[in-house]
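Just so you know, ligand 1 is whichever comes first in the structure, and atom 1 is the first atom listed for that ligand. Computation of the quantities below employed the complete heavy-atom set of this structure, encompassing side-chain atoms and omitting hydrogens, waters and symmetry-equivalent molecules.
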Amino acid sequence: MPGLEIGSSTDAAQDATADVLIMGAWGGASPSIATTVGDPIDATLEAQLVKVGFKAKTGETCLLPAPEGISATGVLIVGLGSRDAADAATVRKAAGASVRRASSFTHAASLLHSLPVEGAAEAAAEGTALGGYSFDAYRSKQSDRTLTAVTFVGGDDPSIGRAMAFAGAVKLARDLINEPPSSLTPKALAAAAEAACPPGSVKVKQVDELQRDGFGGIVGVGQGSSEPPCLIMISYAPAGEARGRVALVGKGITFDSGGLSLKDAKGMETMKTDMSGAAAVIGVMSALPALELPIAVDAFIPAAENMPSGTAIKPGDVITQYGGRTTEVLNTDAEGRLVLADAIALAAESKPDAIIDVATLTGSIVVALGKKITGLFANDDPLRDALLEAARRAGEPLWAMPIFEEYRKDLESEIADQKNIGTRYGGSIIGALFLSEFVPQGVPWAHLDIAGTARAETDSDESPKGGTGVATRTLLHWLRTLSGGGDN
Ligand code: BES
Ligand code: MN
Ligand code: ZN
């Protein structure tokens, strides 16, 4: 689909000059129109829905010819499930499902923003923008999707603008994730950050500087590849006085072959996705100038390609991480923690109010929580609670996991300060414990393990198959709340 244009208009729904009008229906014994436009139109539609046996489960859709009095050609009804259970997440899902169903039209009008649900306008706009996303850069034939515009009719809502800013950040993240790995190298990731953020806000440490300054993790992981690694740093500072200063860190492994501890073919298929943490952080940073949040944010993105070669790091090698701690690398496929350790140590130097890292870190978190829940590890209760709340607002399921101290001894090395793997079990906790070594006492820190959620294997709700851009909106909601932003 060419870029989907999303706007709003004060035209009445009945008069919308679109070829399809998207409306919502509550589920139950017989579905009822939730985006009412008044009888006889509502009653006619309800009668038709009963006739075709439509149950109005969340995201279920039904296309009907428009009844008398509606100028659009068709009406697309999307189910919202039970009225009592409906919340902003329901609206977001329904909007995502309906925009995909409407893809063979040209111009859709939508009433989903007017649903009597808290935060409906923002959720409808977000769900529409995100559900309508597709990545077609590498198709030789135009896809058969023709939808170019969705207009929310029957009134303007200021939160639609914010939703579009958030959705824009997610779309950027998805584009970066979906880009093939030989095209999205560390260098290209840095260029993408520069293109998406204001001039002068991005600084890139190249490999010679990284070597000189002791970033042994980033240099070590990158040394097996002909694409040099780099450290991308992005800064946002508000125009006025900042109410706080936080650091974001994103894992930017642009391809993870496992290195000499090589993955099998299946395991490598989706490993262009291993920079999804970086993509989320770049997405967030790209949106901050327009949102004008009164908080300073520094982003640190260690970017590298993890490849096997004659120059690659070997199991048994010892590297010196930024700040001086040494790591015995026993498995070169546990590379994310090596690059993140350097970046976290650097981020901590200026004692930010909080550090949050986002990383496709472990297969183990996918075993624990599956493909739809992100794992959260935090050393600070208020930060954990704030992130859980931000994730709830964003509709991005997040679950708190333990940083279980007794497992720390699993990381003891025979010859260095720690090794980079533990025993077979509890791998996501071991990963978090490893990272925690680089967070100084007293600095609130959270780690989001998005290995399961960074990529969707099927179209669902507001996430089409492919890179999801997960964590982008959770972080934006968190930053907005930190800044004292509104509560919806
Ligand atoms: N990038 C992977 C984690 C991953 C797995 C992301 C599946 C997305 C889907 C990471 O670098 C990795 O390989 N982790 C190893 C660590 C192990 C060697 C300790 C893993 O989880 O198997
Ligand atoms: Mn790996
Ligand atoms: Zn990895």
| field | Protein heavy atom at shortest distance from atom 17 (C) of ligand 1 | value | Ala334 CB, 4.3 Å

| request: Return yes when at least one N/O/S atom of Asp274 is nearer than 2.8 Å to the Mn ion (ligand 2), and no when none is. | output: no

| request: Identify the heavy atoms of Ala471 and Glu396 that sit nearest to each other, and give their distance. | output: N-OE1, 3.1 Å

| query | Between Asp357 and Lys251, is there a salt bridge with N-O shorter than 4.0 Å? | reply | no

| message | Please name the atom of Asp256, limited to N, O or S, that comes nearest to the Mn ion (ligand 2). | response | OD2

| task | Using modelled atom types only, decide if a donor and an acceptor are shared between the side chain of Asp459 and the backbone of Lys465 within a distance under 3.5 Å. | result | yes

| message | So is Val366 touching ligand 1 or not, going by heavy atoms under 4.0 Å? | response | no

| Among all protein non-hydrogen atoms, which one is nearest to atom 15 (C) of ligand 1, and what is the separation to 0.1 Å? | Asp333 O, 4.0 Å

| Whether over 12 other heavy atoms sit under 6.0 Å from Glu457 CD | yes

| Measuring from Gln321:CD to Ile218:CD1, what's the distance to the nearest 0.5 Å? | 9.0 Å

| field | Parallel, tilted or perpendicular, as decided by the 30° and 60° cut-offs, for the rings of Phe215 and Tyr322 | value | parallel

| task | Write out the residue and atom name of the closest protein heavy atom to atom 20 (C) of ligand 1, then the distance separating them to 0.1 Å. | result | Gly363 N, 3.8 Å

| To which of Lys263, Met268, Arg455, Met271 does the heavy atom nearest atom 9 (C) of ligand 1 belong? | Met271

| So, are Glu305 and Lys187 salt-bridged, with charged N and O less than 4.0 Å apart? | no

| task | Step through the shown structure and confirm whether more than 12 heavy atoms of other residues, nucleotides or ligands are within 6.0 Å of CD on Glu414. | result | no

| Is the closest N or O pair between Ala451 and ligand 1 shorter than 3.5 Å? | no

| query | Which N, O or S atoms belonging to the protein are less than 2.8 Å from the Zn ion (ligand 3)? | reply | Lys251 NZ, Asp256 OD2, Asp274 OD2, Glu335 OE2

| message | Can you report which non-hydrogen protein atom sits closest to atom 1 (N) of ligand 1, along with the distance? | response | Asp274 OD1, 2.8 Å

| request: If you have a sec, work out which protein heavy atom is nearest atom 2 (C) of ligand 1 and how many Å separate them, to one decimal? | output: Asp256 OD2, 3.6 Å

| query | Do Thr362 and ligand 1 have an N or O pair less than 3.5 Å apart? | reply | no

| query | Can you check whether Thr481 reaches Glu389 side chain to side chain, under 4.5 Å on heavy atoms? | reply | no

| Within the distance-only criterion (no hydrogens, no angle test), does the side chain of Ser309 pair as donor or acceptor with the backbone N or O of Thr311 below 3.5 angstrom? | yes

| message | Under a 3.5 Å threshold, yes or no: a donor from one side chain and an acceptor from the other, between Asn306 and Ser257? | response | no

| Parallel, tilted or perpendicular for Phe135 and Tyr138, by the 30°/60° rule? | tilted

| request: Enumerate the atoms of ligand 1 whose separation from the nearest heavy atom of Asn331 is less than 4.0 angstrom. | output: 18 (C)

| Part of Lys251 with heavy atoms under 4.0 Å of ligand 1, whether side chain, backbone, both or neither | side chain

| remark: Nearest non-hydrogen protein atom to atom 19 (C) of ligand 1, with distance, is Ile421 CG2, 3.5 Å

| message | Taking distance alone, with N or O pairs closer than 3.5 Å, would you say Glu335 contacts ligand 1? | response | yes

| note | Checking heavy atoms under 4.0 Å, the part of Leu361 that sits near ligand 1 is backbone

| request: Of all the heavy-atom pairs spanning Ile430 and Gly422, show the shortest one and how long it is. | output: CG2-N, 3.8 Å

| query | Rounded to 10°, how many degrees is the angle OE1/Glu335-the Mn ion (ligand 2)-OD1/Asp333? | reply | 120°

| message | When you compare the side chains of Asp410 and Thr423, does any donor N or O come within less than 3.5 Å of an acceptor on the partner? | response | yes

